[in-house]
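These notes concern the structure reproduced below.
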Amino acid sequence: MKFGGTSVADLERIRRVARLVNAEVQAGHQVAVVVSAMAGKTNELVAWTDGSGAAAQGLAASDDEYDVVVASGEQVSAGLLAMTLRNMGTPARSWMGWQIPIIADDSHGRARIDEIQPEKLGAAMDAGEVAVIAGFQGVTRDGRIATLGRGGSDTSAVAIAAALGCGCDIYTDVDGVYTTDPRIESKARKLAKISYEEMLEMASLGAKVLQTRSVELAMAYGVPVRVLSSFVEPGEAPGQGTIVCDEEEIVEKRIVSGVAYSRDEAKISLFGLPDHPGVSSTIFGALADANVNVDMIVQSKARTADTANMEFTVGKRDAQRAVDIVRSVQPSVGFEDVQVNDDVAKVSVIGVGMRSHTGVAKSMFQALADKGVNIQVISTSEIKISVLIDAAYTELAVRALHAAYGLDQL
Ligand code: ASP
Ligand code: MG
């Protein structure tokens, strides 16, 4: 069982989580619980590290001491939940990442789990104790705390489930995965099931319900995942939530399953690039060396002979750094101009049905055209189409696409 920040936001909610855990224990199950920090805590901790001057030196996201600070929120909620369970008469103890251990690599701030050694944990659970695990954190081979990136408790939970060989129920503040963000489109529908692949695209394209890495892991290890609401009492109809599973397990076929969006985008445009081999390699090599994550990339021939134009997108926070890096290779590459626009949003439609159906792109472009939304960049994969548009049209585009694919009447 995994509980997110809003589910453990205060002591009353922690007591409700304890009741849900107890109900599983009463039903005869062994339980491992992964918890996030109390809502807002991690943001506060991150702000403190920024305030300490680390950000000014470009350290905040990569420093081992950053991880020491931001991992502490989960320690608090794990301890509080274990205490609450004990007060209810249920044997429980908390586990920090290093105590299990959850071994992670040393890319601080966005570490990957290398390995989990679940023997001690399993033995304690066999002895009848609920294991309350601090999410978001692991330990490097040389004994330092490492965090798994924002939203990383989902990944902790799926990884623990994979190590223990069980399923993973993610309890959160929504009762499942929706066709789109219900705050934007009130007609959004809860999906009974979604495939790993679609969930992976939804998560990486902006749906915040699960961390992308956790879905990758679930898919790789075949961990059955359910997304459920934590705002219920044991015994109350919890609803079925959404099951994330293999495509083959989904009988009801649809062409498009969801519409996702992200406002965390910036577009960088390069004009007048020389059109010869090695140019892209130099530019994206420099960006990769600086750990800038690039998303959409388009290049096209310019009207003037022997030159090309190129546009790519990065996260908003990386925009200025990306421009600086591109400028630093300008003398060797020799382009004319670089511009940045961070008033853009990416809207995507996702569905495994695209593999076998034609006309999905046509419907998307038609729906956007009907609303007068201009498309700046398009990118596709086998099961998704993304467009970059003016950020002001995000809601309009999401609603138009949701309707265009009939997602309100699934
Ligand atoms: N507390 C961490 C965060 O806010 C990890 C998580 O909640 O999953 O990003
Ligand atoms: Mg989360």
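Since the structure is predicted, the reported quantities are computational estimates derived from the model, not experimental observations. Start at 1 and go down the list; that is how both ligands and their atoms are numbered.
Taking any N or O of Asp154, backbone or side chain, none lies under 3.5 Å from an N or O belonging to ligand 1.
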Could you tabulate the donor-acceptor pairs under 3.5 Å formed by side-chain atoms of residues 80-89, not counting sequence neighbours?
residue: Thr84; atom: OG1; partner: Leu80; partner atom: O; Å: 2.6
residue: Arg86; atom: NE; partner: Ala92; partner atom: O; Å: 2.8
residue: Arg86; atom: NH2; partner: Ala92; partner atom: O; Å: 3.0
residue: Asn87; atom: ND2; partner: Met83; partner atom: O; Å: 3.4

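Residue Tyr393 qualifies as open at atom OH: its count of foreign heavy atoms under 6.0 Å is 12 or below.
Partner Lys346 forms a side chain to side chain donor-acceptor pair (under 3.5 Å) with one of Thr313, Asp295, Thr394 and no other, that one being Asp295. Of the candidates Val333, Asp337, Ile283, Leu270 forms a side-chain contact (heavy atoms from CB on, under 4.5 Å) with just one, namely Ile283. The side chain to side chain donor-acceptor pair (under 3.5 Å) test with His402 is passed by exactly one of Thr180, Thr179, Asp408: Thr179.
Set against the non-hydrogen atoms of Gly151, the atoms of ligand 1 under 4.0 Å away are 3 (C), 5 (C), 6 (C), 8 (O), 9 (O). Ligand-side atoms of ligand 1 in range of Ser36: 6 (C), 7 (O), 8 (O), range being under 4.0 angstrom from any heavy atom. Those atoms of ligand 1 that come under 4.0 Å of a heavy atom in Arg150, given as number and element, are 3 (C), 4 (O), 9 (O).
The closest approach between a heavy atom of Gly73 and any atom of ligand 1 is not below 4.0 Å. For Glu74, the heavy-atom gap to ligand 1 drops under 4.0 angstrom.
Looking only at heavy atoms of the protein, atom 6 (C) of ligand 1 is closest to Ser153 OG, 3.3 Å.
Looking at residues two or more places apart in sequence or on another chain, you find no ring pair (Phe, Tyr, Trp, His ring centres under 6.0 Å) involving Tyr178.
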